[in-house]
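Worksheet for the structure shown next.
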Amino acid sequence: MIDKKSNKNNRIVSVAPMMDWTDRHCRKFHREITRHTWLYTEMVTTGALVYGDVERHLRFNEEEHPVALQLGGSDPADLATSAKLGQQWGYDEINLNCGCPSERVQKGAFGACLMAEPQLVADCVKAMRDAVTIDVTVKHRIGIDRNEEYGFVRDFVGTIAEAGCNTFIVHARNAILKGLSPKENREIPPLKYEVAYQLKREFPDLEIIINGGIKTSDEIALHLAHVDGVMMGREAYHNPYVMAEYDARFYGDTAPVKTREEVLAAMIPYIQAQLEQHAARGLKLNTITRHMLGLMAGLGGARSFRQVMSDPKRLAAADPHLLLEAAAGMRRAS
């Protein structure tokens with residue numbers, strides 16, 4: 001069995017940080033499906049940690065390991081402080097966001113626009129590495145705007161690597177900083193997987209993880225012939241049970257795979273405990289169950305499952321056994 005607290009081999013497959021999606025409830029749900037896939041938080045800004053409610057942003061479930069904290073920021077001192085908090089709270093990795101193209105993030109002078117300032121990113125990485133003993137990694141694009149020269153991303157990676165970063169998560173598209181929404185930035189710029197492959201060839205000692213548009217286990221396997229790891233994005237969220245085979249196929253874990261119904265049953269005590277602990281903070285049942293709507297994707301009756309799971313009256317009752325009712329209703333509908 002792979003040591004869940006060790007970095008070795010764990011980043012073979014990972015789930016991308018996705019704003020408004022990969023919160024601690026989503027990660028707990030994903031962990032019920034796959035034991036070894038590396039999980040990432042939503043991006044947390046340094047300002048939220050330096051000046052805000054640290055517990056609200058950093059608390060997570062122990063069973064989420066291995067789990068990484070993604071930070072957004074560009075001030076080395078604030079990033080060092082935030083990274084140190086992340087390690088103190090028990091995260092296994094600190095990841096710096098150099099890939100988000102949204103204008104809101106750009107106004108904060110971080111995200112994909114940082115690719116234009118590799119030395120600043122290097123300073124940020126060094127400050128974080130000096131502050132923590134866990135891995136500091138960078139997630140980035142292959143270029144910004146219309147700059148499609150391989151030398152741009154090669155020099156970016158080379159500069160950051162000199163500051164001690166050994167792991168780069170490469171979203172294999174350019175980021176268009178003006179004129180495209182974040183959604184369009186995930187779809188319109190063409191995917192160029194070969195760029196990530198070339199980075200691995202040029203920097204064989206670095207860990208290169210590829211991200212962007214990957215959906216199936218067979219695609220993961222094809223990419224792993226060229227790079228060290230694959231990061232799944234929206235497919236892992238919308239069709240989460242695709243991850244059920246990852247542990248056996250990519251980590252050699254022979255433990256039995258949970259059925260979809262067993263995943264639902266495993267979530268019920270967690271949901272009950274969360275509602276009891278955090279109801280005063282406004283936690284609602286659908287705050288957790290919204291992440292689970294895709295569990296039955298591709299099966300007959302999946303629409304019925306989603307309808308029951310989204311029913312306002314049932315959700316208002318705050319009874320987590322709704323999960324099993326939805327599964328039972330799905331079987332009747334199929």
Side-chain angles (χ1 to χ4, degrees), residues 11-14 16-17 40 43 70 72 74 93 95-103 105-106 109-126 128-129 135-215 219-234:
R11 282 187 291 244
I12 295 171
V13 190
S14 55
Y40 283 74
M43 181 185 68
Q70 187 185 66
S74 59
E93 171 196 329
N95 177 260
L96 179 62
N97 184 332
C98 294
C100 181
S102 80
E103 291 192 11
V105 167
Q106 291 179 54
F110 55 93
C113 63
L114 281 177
M115 289 193 71
E117 300 183 73
Q119 189 55 56
L120 173 58
V121 177
D123 293 342
C124 291
V125 165
K126 185 179 185 306
M128 288 188 286
R129 291 189 72 250
D135 280 356
V136 174
T137 69
V138 172
K139 187 173 188 293
H140 61 93
R141 297 288 186 117
I142 59 173
I144 51 177
D145 294 325
R146 305 301 173 185
N147 189 337
E148 298 183 0
E149 294 294 324
Y150 169 71
F152 176 81
V153 67
R154 178 201 61 209
D155 293 348
F156 175 82
V157 168
T159 300
I160 312 312
E162 288 176 1
C165 181
N166 296 313
T167 301
F168 293 82
I169 302 167
V170 185
H171 186 160
R173 305 180 195 266
N174 270 39
I176 308 302
L177 301 182
K178 300 293 182 183
L180 292 184
S181 69
K183 180 178 185 296
E184 290 170 331
N185 258 292
R186 295 190 297 268
E187 298 170 352
I188 293 176
L191 284 161
K192 297 181 179 179
Y193 296 132
E194 178 58 36
V195 173
Y197 299 168
Q198 190 170 349
L199 286 170
K200 181 59 187 177
R201 290 194 298 269
E202 188 152 349
F203 300 98
D205 294 333
L206 298 181
E207 182 181 26
I208 303 295
I209 297 168
I210 199 167
N211 170 233
I214 302 161
K215 295 186 176 182
E219 290 175 46
I220 292 173
L222 289 172
H223 287 300
L224 289 175
H226 303 280
V227 292
D228 302 293
V230 174
M231 176 174 276
M232 300 291 286
R234 276 153 177 75

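None of these values were measured; they are calculated from a predicted model.
K215 has no carboxylate O lying under 4.0 Å from a charged side-chain N of E219, or vice versa, which leaves the two without a salt bridge.
For the salt bridge (Lys or Arg N to Asp or Glu O under 4.0 Å) test, no residue two or more places apart in sequence or in another chain qualifies with R154.
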Report task. Take V153 and H140, measure what side chain to side chain contact (heavy atoms under 4.5 Å, CB included) needs, and give me the verdict at the end. Result -> CA-CA 9 Å; V153 67; H140 61 93; 3.7 Å; yes
Report task. Please step through side chain to side chain contact (heavy atoms under 4.5 Å, CB included) for the pair I220 and V13, ending with a clear verdict. Result -> CA-CA 8 Å; I220 292 173; V13 190; 4.2 Å; yes
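You'll find the side chain of D135 reaches within 4.5 Å of the side chain of R11, heavy atoms only. Counting only heavy atoms from C-beta outward, the side chains of F168 and L206 approach each other to under 4.5 Å. Looking at heavy atoms from C-beta onward, R129 lies out of side-chain contact with K126 at the 4.5 angstrom threshold. Between I12 and L224 the shortest side-chain heavy-atom distance falls below 4.5 Å. Between V121 and T159 there is no side-chain heavy-atom pair separated by less than 4.5 Å. Side-chain contact between L180 and I188 is present, with at least one heavy-atom pair separated by less than 4.5 Å. Within the 4.5 Å cutoff, the side chain of N97 has no heavy atoms near those of the P17 side chain. A heavy-atom distance below 4.5 Å is found between the side chains of I214 and M232.
Residues A172 and Y193 share a closest heavy-atom pair of CB-CD2, 3.9 Å. The minimum heavy-atom distance linking S74 with F110 is given by the pair N-CB, 4.3 Å. Annotation for D145 and K178: closest pair OD1-N, 4.1 Å, computed over non-hydrogen atoms. The shortest non-hydrogen separation linking P182 to P101 is CA-CG, 4.5 Å. In terms of heavy atoms, P189 sits closest to I176 at CG-CG1, 3.9 Å. The two residues R173 and N185 come nearest to each other via the heavy atoms CD-O, 3.6 Å.
Listed for the Q198 side chain is no donor-acceptor partner under 3.5 Å among the backbone atoms of V195.
Surrounding CD of E194 are more than 12 heavy atoms belonging to other residues, nucleotides or ligands, all under 6.0 Å away.
Within the model, atoms NZ of K139 and CD1 of I169 stand 7.0 Å from one another, a figure rounded to the nearest 0.5 Å. Between the CG atom in N95 and the CE atom in M128 there is a gap of 8.5 Å [rounded to 0.5 Å]. From L114, atom CG reaches atom CD of Q119 across 12.5 Å, with rounding to the nearest 0.5 Å. Between the NZ atom in K192 and the NE2 atom in H171 there is a gap of 13.0 Å [rounded to 0.5 Å]. Between the CG atom in L177 and the CE atom in M115 there is a gap of 10.0 Å [rounded to 0.5 Å]. Between R141 atom CZ and C100 atom SG the span is 8.0 Å, to the nearest 0.5 Å.
When each of I142, N174, N147 is checked for a side chain to side chain contact (heavy atoms under 4.5 Å, CB included) with F152, only N147 meets the rule. Only one option out of T167, V125, I160, N166 pairs with V136 in a side chain to side chain contact (heavy atoms under 4.5 Å, CB included); it is V125.
Relative orientation of the Y197 and H226 rings is parallel, given thresholds of 30° and 60° on the angle between their planes.
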